[in-house]
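One structure below.
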Amino acid sequence: MKLQVLYFAWLRERIGLGREEVETQAATIADLVAELRAREDRYDLAFSDMAAVRCALDQELVPIDTPLGTAREVAFFPPMTGG
Amino acid sequence: MKLQVLYFAWLRERIGLGREEVETQAATIADLVAELRAREDRYDLAFSDMAAVRCALDQELVPIDTPLGTAREVAFFPPMTGG
Amino acid sequence: MADLRILVTADDFDLGAEAARLEAGADTGAVVTFTGRVRDVDGGLRHMEIEHYPGMTEVALTRIAEEAAARWSLAAVTIVHRHGRLAPGARIMMVGTASRHREAAFEAASFLMDYLKSRAPFWKKEVTAEGAEWVAAKDSDEDALDRWT
Amino acid sequence: MADLRILVTADDFDLGAEAARLEAGADTGAVVTFTGRVRDVDGGLRHMEIEHYPGMTEVALTRIAEEAAARWSLAAVTIVHRHGRLAPGARIMMVGTASRHREAAFEAASFLMDYLKSRAPFWKKEVTAEGAEWVAAKDSDEDALDRWT
């Protein structure tokens, strides 16, 4: 399936882009992360400390082991620092 | 001694004035209240429920049994309702 | 030491301007304001009258502001309270606090309100078509002080 | 139902105007506002950059405002948050609550801030002469959520 994958803050900077379309058969977000890390060093580096990464599925905060289901958009980012 | 005595809110309305000079030998604020009540019915009525009366000595909230000392100003009023 | 601003006035005030003043320090990250306003719950209120004790009012408000500045790390504290005749919807008063962090600004503003309600010499009277009535003090306002002692 | 106003913008906002909007209801007696501002603690900050997640930001802020309106009796809730480049001293964001009584307005504003800090998709970066650094999330901000659960 095709997914829009978004990166924010230092994840965006390390990976070098803010958004890309990814073709994947991953079952969960964690599986998708494993696929991305296997691709290139910059992904491997960006995702090296998953305790510092949060994710959203179709713009909703979810745990990393959430199934992708029929989602169209996955986003990765550090803990939020608004306010 | 001579004291400025001030009344606020419904105490002012019941007594019919906001400020007066009182010549007194009272030792405490409570003694002063007793003197005032003995004077006229309107004072007696205004001070009939002392649980609903607060007092200040020289602009500082104090208990009713506080000695007058060398104070120059005593004020009587209901519980405050600012804000 | 915190910058204290105490204003007792018959006039309306400008919340935006008061907040801008509170924000002025380089080290201020958080500003909290509380504004109190004349409610007209039943639609029958003609106006509210606020009486105060000139002289003592300023002293009491200054003491409350100083107490807040002693308890929390604050860059600035503002208390504005009106007196006289106020129409339904009019602003009655405000408190404002400026601090580095939000917790101090929130707690200090809440503290200022609790003390101002029961310890500053203001009395409210509501005037309706049926007549005028002094607003009764609430036990809950007196009880609110307990959490700060 | 409470009147919710959610605004995500690059532009500065007018706190006085936002507060006036919050005050509008006849039954509103209490308005609390919190304003957050770019601090320059060491004097070395050139500017702050705030990144956000367009689309999700509005959804997350609306959900937080709705949650506050469900927990407290509120006439209105406002959340304004800026993004982009902000100079030292600039306003970053505000929340505002309107209610009959002060307790609800204070608690709801504090709740909004706690959730907004850790649950709305904003990221702050500080740019100094030495370079740029993403602001680290604080454990204390995550911990602050505990008191609401």
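Both backbone and side-chain heavy atoms feed into the values below; hydrogens, waters and symmetry mates do not. Labels below follow one simple rule: chain letters A, B, ... track the order of the sequence lines, proteins then strands, and each chain is numbered from 1.
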So which of [options] has the largest heavy-atom pair count under 4.5 angstrom toward chain D?
options: C:Arg39, C:Arg100, C:Lys117; answer: C:Arg39
options: C:Ala19, C:Ala17, C:Ser110; answer: C:Ser110
options: C:Ala105, C:Ala109, C:Gly89, C:Gly16; answer: C:Ala109

Task: Neighbour count >12 (heavy atoms, 6.0 Å) for atom CZ, D:Arg71 - done: yes
- [ ] May I ask you to check whether over 12 heavy atoms, not counting those of C:Asp146, lie within 6.0 Å of atom CG?
- [x] yes
- [ ] Measure distances from D:Arg91 to the heavy atoms of chain C and classify the residue's part below 4.5 Å as side chain, backbone, both or neither.
- [x] side chain
- [ ] Can you see which heavy atom on D:Ala144 is nearest to which on C:Arg102, and at what distance?
- [x] CB-NH2, 3.9 Å
Task: For D:Thr35 against C:Glu23, the heavy-atom pair lying closest together - done: CG2-OE2, 3.5 Å
- [ ] With the side chain counted from C-beta on, respond yes when D:Val31 and C:Arg37 share a heavy-atom pair under 4.5 Å apart, and no when they do not.
- [x] no
Task: CG-OG1 distance between D:Leu15 and C:Thr33, expressed to the nearest 0.5 angstrom - done: 6.0 Å
- [ ] Look up atom CG in C:Asp141 and atom CD in D:Glu103, then write down how far apart they are to the nearest 0.5 Å.
- [x] 7.0 Å
TODO: Below 4.5 Å from any heavy atom of chain D, which atoms of C:Asp14 appear? Answer side chain, backbone, both or neither.
DONE: neither
Open item on the list: Heavy-atom pairs under 4.5 Å with chain C: which of D:Asp114, D:Val95, D:Leu22, D:Thr97 has the most?
Closed with: D:Asp114
